[in-house]
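Just below is one structure, and these are the notes that go with it.
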Amino acid sequence: MLNLGKAVEIQNRLRTRVILQPPDAPVNLIGACDVSFKSHYGVAVCATFNLHDLMLVETSHHIMPTHIPYVPGLLSFRELPFIIRALLKLQRMPNLLLVDGHGIAHPRRFGLASHVGVVLNISTIGCAKSCLIGEYKPPHLTRGAYSWLYDDGEKIGLVIRTATNVNPIFVSPGHRIDFTTAYKFILRTTKHRIPEPLRYVDIASRNIATKSI
DNA sequence: GCGACAG
DNA sequence: ATCTTGTCGC
């Protein structure tokens with residue numbers, strides 16, 4: 001199912017390819033992806049939106065069985081196969097992809113968002129609902145407030161209060177993006193706690209999982 | 001040995 | 001992630 005040693009080896013090899021620089025092309029189409037499970041089956045949903053008005057442009061999904069378990073720190077080996085297949089079904093690849101999970105805020109600085117970005121060579125941002133590794137000070141309670149996430153004295157992410165008096169989310173660069181640009185896009189696409197593109201794919205994948213599987 | 005641990 | 005009911009608050 002999953003060779004832990006090999007998996008870690010792959011992460012350490014691919015982590016050297018991560019680029020923490022702003023996208024080199026303007027972002028007009030922003031996407032998001034998420035995977036829901038039911039028994040040993042999973043369904044990945046991808047959706048793209050116009051960054052300008054956040055209107056839905058296109059969606060795609062892929063269903064298949066899985067034999068890989070969830071192991072903290074190795075989430076990408078379970079979800080990447082689903083996400084890649086769903087993404088390749090899109091007519092147009094987004095300029096930037098929001099991923100439900102961490103980017104470099106990871107023990108080996110190579111979370112799901114980074115893995116997806118490096119494999120497809122696209123800009124990605126990791127957006128998680130809870131912390132995997134690192135230390136931080138709770139950000140102020142108003143929307144837009146943030147604090148840095150550190151690990152070993154290294155800046156690895158942002159803890160952002162995307163809505164007033166609501167738990168913050170953990171944002172970190174996945175690939176081909178920097179902290180500042182990531183913060184900008186996350187706040188710009190968020191009305192509630194979770195960015196709109198991610199809310200959409202989360203609900204969509206859950207619906208398909210319970211109805212079509 | 002004990003606690004922590006994305007989804 | 002998933003299993004689960006009602007309930008409080010913006």
Side-chain angles (χ1 to χ4, degrees), chain A residues 1-2 4 7-8 10-11 14-15 18 32-46 61-87 97-118 124-136 141-144 149-152 156-175 182 186 190-195 197-213:
Chain A
M1 325 288 167
L2 177 62
L4 305 186
V8 169
I10 290 173
Q11 294 184 322
L14 296 182
R15 61 179 290 181
V18 172
C33 59
D34 191 23
V35 187
S36 288
F37 294 89
K38 183 176 182 183
S39 185
H40 68 301
Y41 275 88
V43 52
V45 168
C46 289
H61 74 267
H62 186 80
I63 303 175
M64 66 179 177
T66 180
H67 311 288
I68 303 176
Y70 162 67
V71 178
L74 300 177
L75 174 66
S76 66
F77 292 91
R78 176 173 165 77
E79 301 199 348
L80 188 67
F82 287 90
I83 294 174
I84 297 299
R85 286 173 175 70
L87 274 174
L97 182 70
L98 303 185
V99 181
D100 191 347
H102 293 286
I104 62 172
H106 176 278
R108 289 167 290 286
R109 309 291 182 261
F110 198 71
L112 176 61
S114 296
H115 206 151
V116 173
V118 168
T124 60
I125 295 176
C127 185
K129 296 176 288 298
S130 62
C131 187
L132 172 62
I133 191 174
E135 310 165 336
Y136 64 94
L141 295 77
T142 54
R143 168 183 158 79
L149 177 62
Y150 291 96
D151 180 49
D152 265 338
I156 61 173
L158 294 157
V159 184
I160 306 175
R161 192 79 67 177
T162 49
T164 300
N165 293 324
V166 165
N167 286 157
I169 60 174
F170 301 76
V171 176
S172 59
H175 184 51
I186 289 300
T190 301
K191 294 179 181 175
H192 304 291
R193 184 193 181 208
I194 306 299
L198 280 174
R199 290 185 68 196
Y200 182 90
V201 292
D202 177 54
I203 294 174
S205 62
R206 204 193 316 279
N207 283 335
I208 295 177
T210 58
K211 297 173 183 175
S212 184
I213 296 182

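Residue numbers begin at 1 in each chain, while the letters A, B, ... track the order of the sequences.
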>> Strictly distance-based, threshold 3.5 Å: is any side-chain N or O of A:Thr142 a donor or acceptor partner for the main-chain N or O of A:Thr164?
In response: no
>> Please check: side-chain N/O of A:Thr66 versus main-chain N/O of A:Ile68, any donor-acceptor pairing under 3.5 Å?
In response: yes
> Whole Å only: how far is the CG atom of A:Leu132 from the P atom of B:dG7?
Replying inline: 9 Å
> Judged by atom type as modelled, is there a donor-acceptor pair below 3.5 Å linking the side chain of A:Arg193 to the main-chain atoms of A:Lys129?
Replying inline: yes
>> Between C1' on C:dT2 and OH on A:Tyr41, what's the gap in Å once rounded to a whole number?
In response: 18 Å
>> Any side-chain N or O of A:Ser130 below 4.0 angstrom from OP1/OP2 of B:dC5?
In response: no
Would you tabulate the pairs of protein nitrogen or oxygen atoms and nucleotide nitrogen or oxygen atoms of nucleotides 7-9 of chain C closer than 3.5 angstrom?
none

>> Over 60° means perpendicular and under 30° means parallel, so tell me whether A:His102 and A:Phe170 are parallel, tilted or perpendicular.
In response: perpendicular
>> Side chain of A:Ser36 only, heavy atoms from C-beta on: which candidate in B:dG7, B:dC5, C:dT2 is closest?
In response: C:dT2
>> Is the ring pair A:Phe82/A:Phe37 parallel, tilted or perpendicular, if the boundaries are 30 and 60 degrees?
In response: perpendicular
>> Measure CG/A:Leu112 against C1'/B:dC5 and give the value in whole Å, please.
In response: 16 Å
>> Taking only side-chain N and O atoms of A:Lys129, does any of them lie within less than 4.0 angstrom of OP1 or OP2 on B:dG7?
In response: yes
>> Assess whether a salt bridge exists between A:Asp151 and A:Arg109, defined as any Lys/Arg side-chain N lying under 4.0 Å from an Asp/Glu carboxylate O.
In response: yes
> For A:Leu4 and B:dC5, what is the distance between atoms CG and P respectively, to the nearest whole Å?
Replying inline: 19 Å
>> Could you tell me how far apart A:Ile133 (CD1) and B:dC5 (P) are, to the nearest whole angstrom?
In response: 11 Å
>> Whether the side chain of A:Arg161 engages the backbone of A:Gly144 through a donor-acceptor N/O pair (distance < 3.5 Å, no angle test) should be reported.
In response: no
>> Short of 4.0 Å, heavy atom to strand atom, which residues of residues 63-78 of chain A count as contacting DNA chain B?
In response: A:Tyr70, A:Pro72, A:Gly73, A:Leu74, A:Leu75
> Rounded to whole angstroms, how far apart are CG on A:Leu2 and C1' on B:dG7?
Replying inline: 14 Å
> Do you know which two heavy atoms are closest between A:Ala113 and A:Thr124, and how far apart they sit?
Replying inline: O-OG1, 2.7 Å
> What is the distance, rounded to the nearest whole Å, between atom CG of A:Asp151 and atom P of B:dA6?
Replying inline: 14 Å
> To the nearest angstrom, how far is A:Asn167 atom CG from B:dA6 atom P?
Replying inline: 15 Å
> Which heavy atom in A:Ala32 sits nearest to a heavy atom in A:Leu198, and how many Å separate them?
Replying inline: CB-N, 3.8 Å
